[in-house]
Amino acid sequence: MARFGMVIDTKLCVGCNDCVVACNAENDVPSGCYRDWITTEVRGTFPNVTLEFRTERCNHCENPPCVSACPTRASHVSDLGGIVMVDHDKCIGCKACVVSCPYGARYVHPQGYADKCTFCHHRVKEGKDPACVAVCPMHAMTFGDLDDPKSTVRRLLGARKSHTLLPDAGTKPRVFYLT
């Protein structure tokens, strides 16, 4: 069984927002809501300053606090590669999952349920990449099976240094940033 993850090359990302626009269009995300976003991080002090553009989203954690916080089991881990999902019909909009996510990756949809990135579960079921990956003009994003030693995500993680967001949170995120 697959264990899906994403690798994002921060040296290639230019912060163009194509991934955000593609996600919003593909998933019919309401205006003012986002399943993914661009973050800019400045490190260092002048004259030794670096700038990192980073696309962020749900980290589809191995140990997702949003799932354990959900009182109705609307938040759950899918059998398809361990993608963290929300069953909109079971969600009561209590926001426990929103509060428990250390990445700020969830929002409450105007219709009252929690929503978030699903790695475009519907596309992955068809063997396609998530919309954000498919449209990235810089090819900065790669999606695949972290357990497949022949996958591109594994090759990239083996070839370059990478980091995850908030590693001390204990969630074991499956979105990796190449540095």
Side-chain angles (χ1 to χ4, degrees), residues 2-24 27 29 33-45 49-70 75-78 81-86 95-108 114-121 124 129-136 138-147 151-179:
R3 186 173 60 98
F4 290 126
M6 187 175 285
V7 175
I8 299 163
D9 190 333
T10 61
K11 292 184 190 274
L12 294 177
C13 180
V14 295
C16 69
N17 279 292
D18 281 3
C19 55
V20 176
V21 172
C23 174
N24 287 354
N27 297 290
V29 177
C33 298
Y34 300 94
R35 288 179 166 203
D36 64 337
W37 57 93
I38 300 295
T39 299
T40 305
E41 186 173 336
V42 180
R43 293 187 193 113
T45 55
V49 177
T50 61
L51 176 67
E52 177 179 278
F53 290 108
R54 196 171 54 230
T55 174
E56 295 183 13
R57 65 202 22 80
C58 172
N59 283 258
H60 298 278
C61 305
E62 297 284 337
N63 183 25
C66 55
V67 171
S68 58
C70 181
S75 290
H76 64 280
V77 178
S78 167
I83 296 172
V84 178
M85 301 287 291
V86 178
K95 302 179 189 160
C97 64
V98 175
V99 173
S100 70
C101 176
Y103 307 101
R106 289 174 174 244
Y107 67 94
V108 177
D115 204 12
K116 58 176 249 3
C117 165
T118 62
F119 276 160
C120 288
H121 189 272
V124 173
D129 278 335
C132 58
V133 174
V135 303
C136 181
M138 302 306 294
H139 306 285
M141 304 170 72
T142 307
F143 178 79
D145 184 357
L146 294 167
D147 288 339
S151 71
T152 305
V153 289
R154 281 284 296 274
R155 183 182 55 77
L156 288 168
L157 289 171
R160 299 245 316 265
K161 280 188 165 188
S162 67
H163 66 90
T164 58
L165 300 179
L166 304 174
D168 294 338
T171 63
K172 298 182 183 175
R174 290 188 287 152
V175 174
F176 299 87
Y177 296 91
L178 299 177
T179 56

Inset, instruction - Apply salt bridge (charged side-chain N to carboxylate O under 4.0 Å, His left out) to R3 and list each qualifying residue two or more places apart in sequence or on a separate chain. - result: E62, D147

Legend entry - Value rounded to 0.5 Å, distance of NZ in K172 from CG in N59: 14.5 Å

Inset, instruction - Give a yes or no answer on whether the side chain of K116 reaches the backbone of V84 with a donor-acceptor pair at less than 3.5 Å. - result: yes

Inset, instruction - Applying side-chain contact (heavy atoms from CB on, under 4.5 Å), run through Y34 and V20 and close with a yes or a no. - result: CA-CA 7 Å; Y34 300 94; V20 176; 3.8 Å; yes

Inset, instruction - Flag this pair as yes if the NZ/CZ of R54 is under 6.0 angstrom from the six-membered ring centre of Y177 and inside a 45 degree cone about the axis; otherwise no. - result: yes

Legend entry - Candidate pair M141 and C132, rule side-chain contact (heavy atoms from CB on, under 4.5 Å), full reasoning: CA-CA 8 Å; M141 304 170 72; C132 58; 3.4 Å; yes

Legend entry - Heavy-atom side-chain proximity of T171 to T164 below 4.5 angstrom: no

Inset, instruction - Would you please indicate yes or no on a ring centroid separation below 6.0 angstrom for F119 and F4? - result: no

Legend entry - Heavy-atom donor-acceptor pair, H60 side chain to R174 backbone, under 3.5 Å: no

Legend entry - Note, P65 side chain near C101 side chain (heavy atom, < 4.5 Å): no

Legend entry - Closest approach of C33 to Y107 (non-hydrogen atoms, all atoms of both residues): CB-CE1, 3.5 Å

Legend entry - Smallest separation among heavy atoms of C70 and S75, with atom names: SG-N, 3.4 Å

Inset, instruction - Verify whether one side chain among T179 and H163 offers a donor that lies under 3.5 Å from an acceptor in the other. - result: no

Inset, instruction - Using a 4.5 Å cut-off on heavy atoms from C-beta on, say whether the side chain of E52 contacts that of T40. - result: no

Legend entry - Check: V49 and V42 side chains under 4.5 Å, non-hydrogen atoms: yes

Legend entry - Shortest non-hydrogen contact from S162 toward F176: OG-CD2, 4.3 Å

Inset, instruction - Determine, step by step, whether V124 and F143 satisfy the side-chain contact (heavy atoms from CB on, under 4.5 Å) criterion, reporting the C-alpha distance in whole Å, the side-chain angles of both residues, the deciding distance to 0.1 Å, and the verdict. - result: CA-CA 10 Å; V124 173; F143 178 79; 3.7 Å; yes

Inset, instruction - First locate atom CD1 of I8, then atom CG of L156, and finally report the distance between them rounded to the nearest 0.5 Å. - result: 11.5 Å

Legend entry - Nearest atoms (heavy-atom pairs only) where P102 meets A169: CG-CB, 4.2 Å

Inset, instruction - Go through D115 and R106 one step at a time and tell me if the salt bridge (charged side-chain N to carboxylate O under 4.0 Å, His left out) criterion holds. - result: CA-CA 6 Å; D115 204 12; R106 289 174 174 244; over 6 Å; no

Inset, instruction - Establish, from distance only, whether the side-chain atoms of N24 and R35 form a donor-acceptor pair under 3.5 Å. - result: no

Inset, instruction - Mark yes or no for whether S151, through its side chain, and D145, through its backbone, hold a donor-acceptor pair below 3.5 Å. - result: yes

Can you list, pair by pair, the side-chain donor-acceptor contacts under 3.5 Å of residues 10-19, counting residues two or more places apart and other chains?
unit_1: T10; atom_1: OG1; unit_2: L178; atom_2: O; d: 2.6

Inset, instruction - Look at D9 together with R160 and state whether they make a salt bridge at an N to O cut-off of under 4.0 Å. - result: yes

Inset, instruction - Could I get the full list of salt bridge (charged side-chain N to carboxylate O under 4.0 Å, His left out) partners for D36, not counting sequence neighbours? - result: R57

Inset, instruction - Without swapping roles, check the side chain of Y103 against the backbone of L165 for a donor-acceptor pair under 3.5 Å. - result: yes

Legend entry - N63 side-chain N/O to G170 backbone N/O, donor-acceptor pair under 3.5 Å: yes

Inset, instruction - Of all the heavy-atom pairs spanning V153 and G144, show the shortest one and how long it is. - result: CG1-N, 3.6 Å

Legend entry - Nearest atoms (heavy-atom pairs only) where A69 meets A96: O-CB, 3.6 Å

